[in-house]
Every structure is written in structure tokens, then in C-alpha cells.
**Q** 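Sharing a structure with you now.
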Protein chains: 2
Amino acid sequence: MSGEDNLLKLVEVEEPEEHDYLLQEQVGFILRKAHQRHVSIFAAHIGDLTPPQFAALAKLRDVGETSQNQLGTLIAMDAATVKGVIDRLKARGLVELSKHEIDKRRLLVNLTAEGRDAIERLIPLAREITRETLAPLSAKEIATFMKLLAKLA
Amino acid sequence: MSGEDNLLKLVEVEEPEEHDYLLQEQVGFILRKAHQRHVSIFAAHIGDLTPPQFAALAKLRDVGETSQNQLGTLIAMDAATVKGVIDRLKARGLVELSKHEIDKRRLLVNLTAEGRDAIERLIPLAREITRETLAPLSAKEIATFMKLLAKLA
DNA sequence: GGAAATTCATTCGTATGCAAATGATATCAA
DNA sequence: TTGATATCATTTGCATACGAATGAATTTCC
């Protein structure tokens, strides 16, 4: 029997190993791919603005003038990231910056007229981006998915 | 009546506008936040490796030696991105590179002994990362969510 | 009132992520 | 066989993303 055992062992060593951890089944990996797909769909519809830049404009439309930091909180960006986004929007004339009269630490951000025009014009495209991103799901699946996704975010 | 109409109009102008497009309800925005949360959980458990770096090691464990490009396809990274990831793993001695004997375009990537030790050591932590990322959901919700997320990715 | 803690913004360094251009090699097809 | 195509890898440029450090201004609290 020991001869057979050795033979089996030799064969097994050459076999591919069993892996019970599969990268492609992990939430993090699939979440990253789903996000990538969304960004790609976004870029196909809105080529001259990134999703973070769009988020900044859309949120400014909602809340009006706010501090750069507060805006970052609202759109889930840390201070370093939001600064870059706002800098680029400012360079394109879509937002304007001013100093807070009372609290001298704060940098106020607001839409320019051009920025307001831009975001109003882009919102219909953004609706289509959302629709296309969710296109693989039925209406009922969308409702379920959004509820669960919100719990994870 | 025209007097009343004017009064109403004046009041309405001062009211905050109704916005039927809400950024915080859009898939793309929540997807980005969910991904951010996952990366944060990942970093709390595995501080010295990023999710993409981990993905490269985990996939190399699965498939063994492959070309850099093929690896990129397997872990959803474009050629430019995967190069940077592999360069950093190589600099840390976790992967080794060699030239394909027949096809001289290809750069083969493989785990080093150290890289194999590292990924085996990290996989239990990765299981915990997955568990913690999905912690807000029940077992049944996890099954539903993963099925729907996979459809979107 | 004043020291300590907090908040806001900036800067630096590192790491994805992707489009576009380039060069080397391989494959396909006339 | 050779000319057109396609593939693999690299490089450059731009845009997030975030930790950590810094400085200025404000708030807290004793």
C-alpha cells in the first residue's frame, strides 16, 4: 500500500492546488469592477467632466455656497482631494471662491453662472448614466440593490 | 387675482428650489462611497499592501506564472496600471519577472517564495475584510446583494 | 483670560486609474 | 513572402484618493 500512496502523492503534487479563496468572488473586487464600469459609462456620456467634478457641481446646486471642507464632507472627499477638484473647476470658471467674512479659515465655494448652466445641462445626461449603469437589473432588482448598497456605503 | 399671483411668485422665488435629481441617491455616487468604505476596512486589516497589490498576488497564486498583460486582464487593470502595481511588488521582492522564451513581447510575472508566503499569510485577513465589509447585511441579504452586484460588474 | 484642543485649508508623497502615443514583436491575409 | 493588423509593454499626462505634516484661525474649557 505504501507504494500506491507514494504514487498518489507524486501525482497530487503535480495537480493544481484547491483554492477556497477566490478573488473574483470577494465583495471588494467586484465593487471595484462595478465602480469602474460606472465611471466608464459616465465618461461615455460626459466626456469633459469627471464624476467627482460633477458631484461637486451637483451638490453646490443643492446647497448653494458652502465652505470647501463642508462640500468635501457632503460629497465624501477628504480635504486634499476636494481641493484639487475645486481648483480644476475654478480654473474652468465653473465655480468661484471667496473668503468667509467671519471665520477667516473658511474658503467659500459657489457656482458661477456658467457653472449653474453646466450642471443644469448635464443633469439629464446624468439620469441616463444612472439608467444605463443599472440597465442589467430589472426594476424590482434595482430597488433591492439600491437598498442594500446604501447599507454598505 | 393678479395681485395674489405676484405675491405667490415673490414667495416662490425666495424658496429653495425643488431638485428632483439627488446626487446622494445615484448609483454611481453610492458605489463610490461603498468602495471607499471597503478600501478603508482593507487598510485597517492589511496596512502594508493595497487592494490592487493584494489582487495581483492572489491571482498569481491562482493561476501561477502569467504575462503582465494577462494578469491585468484577470484582475481588471489596464496595462499602464498593472505595470505600476507589479513594479512595486517586484521592488518589495514579492514577485519576479522573466522574459517569455518564445514570444519576446511578453513579460512573465510569478510569485517569489516570499510572495507566496505573504499571500498565504494574508488570505485569512482578506476573509475577515470581506466579512466586515458585508457586516451591515444579513446572510440572506448578502446572497442577494452579491448576485445583483455581480450583474453590474 | 488664556492654554489646550479643534477645525479649515494647504502641501507633500505615494498609489491607483485611464487615455493616448510609441516601439517591438507576432499574426494574418492577399 | 510581405504588407497590414494586432498584441504586449512602456511612457507621459492628467485626475482621483488618502495619510501625514503644517500653519492659521477658532472654540472649548478651566
Side-chain angles (χ1 to χ4, degrees), chain A residues 28-29 31-44 46-57 65-92 94 97-109, chain B residues 28-29 31-44 46-57 65-92 94 97-109:
Chain A
F29 184 72
L31 220 38
R32 174 168 150 271
K33 288 211 298 176
H35 182 247
Q36 278 177 357
R37 173 170 167 273
H38 166 74
V39 172
S40 169
I41 292 170
F42 188 101
I46 300 180
D48 65 340
L49 221 53
T50 66
Q53 289 167 1
F54 175 87
L57 296 183
E65 190 175 58
T66 15
S67 73
Q68 192 175 268
N69 237 32
Q70 173 63 13
L71 180 61
T73 300
L74 294 171
I75 58 180
M77 276 178 224
D78 72 8
T81 302
V82 79
K83 183 184 191 312
V85 173
I86 294 303
D87 278 356
R88 285 180 283 277
L89 291 175
K90 174 177 156 55
R92 295 177 53 175
L94 300 177
L97 305 179
S98 57
K99 292 175 185 170
H100 192 288
E101 284 302 316
I102 297 163
D103 189 337
K104 292 177 184 173
R105 295 170 306 179
R106 293 189 201 174
L107 186 63
L108 295 175
V109 189
Chain B
F29 184 71
L31 221 38
R32 174 169 149 273
K33 288 212 296 176
H35 181 247
Q36 279 177 357
R37 172 169 168 274
H38 166 73
V39 172
S40 170
I41 291 170
F42 188 101
I46 301 180
D48 65 340
L49 222 55
T50 64
Q53 290 167 1
F54 175 87
L57 296 183
E65 190 174 58
T66 15
S67 72
Q68 192 174 269
N69 238 29
Q70 174 63 12
L71 180 61
T73 300
L74 294 172
I75 57 180
M77 277 178 223
D78 71 10
T81 301
V82 81
K83 185 185 190 310
V85 173
I86 294 302
D87 279 355
R88 285 180 284 276
L89 291 175
K90 174 176 157 53
R92 295 178 53 176
L94 300 176
L97 304 179
S98 58
K99 292 176 184 171
H100 192 288
E101 285 301 316
I102 298 162
D103 188 339
K104 294 177 185 173
R105 296 169 305 177
R106 295 189 200 174
L107 186 63
L108 296 175
V109 190

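A note on names: the letters A, B, ... follow the listed sequences, proteins ahead of strands, and every chain is numbered from 1.
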**Q** Atom CD1 of Ile86(B) and atom C1' of dT10(D): how far apart are they, to the nearest Å?
**A**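 Distance check: Ile86(B) CD1 to dT10(D) C1' gives 14 Å.
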**Q** Which parts of nucleotides 8-20 of chain C does protein reach within less than 4.0 Å, heavy atoms only, written one letter per nucleotide 5' to 3' as B for base, S for sugar-phosphate only and - for none?
**A** SSBB---SSBBB-
**Q** How far does OG1 of Thr66(B) sit from CG of Leu71(B), to the nearest 0.5 angstrom?
**A** 5.0 Å
**Q** Considering non-hydrogen atoms only, spot the tightest contact between Arg32(A) and Ile75(B) and give its length.
**A** NH2-O, 3.0 Å
**Q** Run the side-chain donor-acceptor check on residues 47-56 of chain B: report pairs under 3.5 Å with partners two or more places apart or on a different chain.
**A**
unit_1, atom_1, unit_2, atom_2, d
Thr50(B), OG1, Gln53(B), N, 3.3
Gln53(B), OE1, Thr50(B), N, 3.1

**Q** How would you list, by chain and number, every residue that makes a side-chain contact (heavy atoms from CB on, under 4.5 Å) with Ser40(B), sequence neighbours excluded?
**A**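 With neighbours one apart ignored, the set is empty.
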**Q** So what does Ile102(B) hit on the nucleic acid, given a heavy-atom distance under 4.0 Å: a base, only sugar-phosphate, or nothing?
**A**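 Sugar-phosphate contact only - Ile102(B) comes under 4.0 Å of backbone atoms but never of a base.
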**Q** For the helix from dG1(C)-dC30(D) to dA30(C)-dT1(D), figure out the bend between the end axes, five pairs an end, and round to 10 degrees.
**A**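 Between the axes fitted at each end of the helix from dG1(C)-dC30(D) to dA30(C)-dT1(D) lies an angle of 30°.
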**Q** What residues form a side-chain hydrogen bond (donor to acceptor under 3.5 Å, both in side chains) with Arg105(B), not counting sequence neighbours?
**A**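 Partners of Arg105(B) under the side-chain hydrogen bond (donor to acceptor under 3.5 Å, both in side chains) test: Asp103(B).
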**Q** Starting from P on dC14(D), measure out to CG on Asp48(A) and report it in whole angstrom.
**A** 16 Å
**Q** Considering residues at least two apart in sequence or located in another chain, which fulfil the side-chain hydrogen bond (donor to acceptor under 3.5 Å, both in side chains) criterion with Lys83(B)?
**A**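 Lys83(B) satisfies side-chain hydrogen bond (donor to acceptor under 3.5 Å, both in side chains) with Asp87(B) once adjacent residues are dropped.
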**Q** dT10(D) P sits how many Å from Leu97(B) CG, rounded?
**A** 8 Å
**Q** Would Leu31(B) and Leu31(A) count as a side-chain contact (heavy atoms from CB on, under 4.5 Å) if you check the C-alpha gap in whole Å, the side-chain angles of each, and the deciding distance to 0.1 Å?
**A** CA-CA 7 Å; Leu31(B) 221 38; Leu31(A) 220 38; 4.2 Å; yes
**Q** From NE2 of His100(B) over to P of dA9(D), roughly how many Å is that when rounded to an integer?
**A** 10 Å
**Q** Starting at atom CZ of Phe42(B), determine the distance to atom P of dA17(D), rounded to an integer number of angstrom.
**A**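 Answer to the nearest Å: 18 Å.
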**Q** Find out whether His35(A) and Gln36(B) are in side-chain contact, i.e. whether some heavy atom of one side chain is under 4.5 Å from a heavy atom of the other.
**A**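 Side chain of His35(A) against side chain of Gln36(B), heavy atoms only: no contact under 4.5 Å found.
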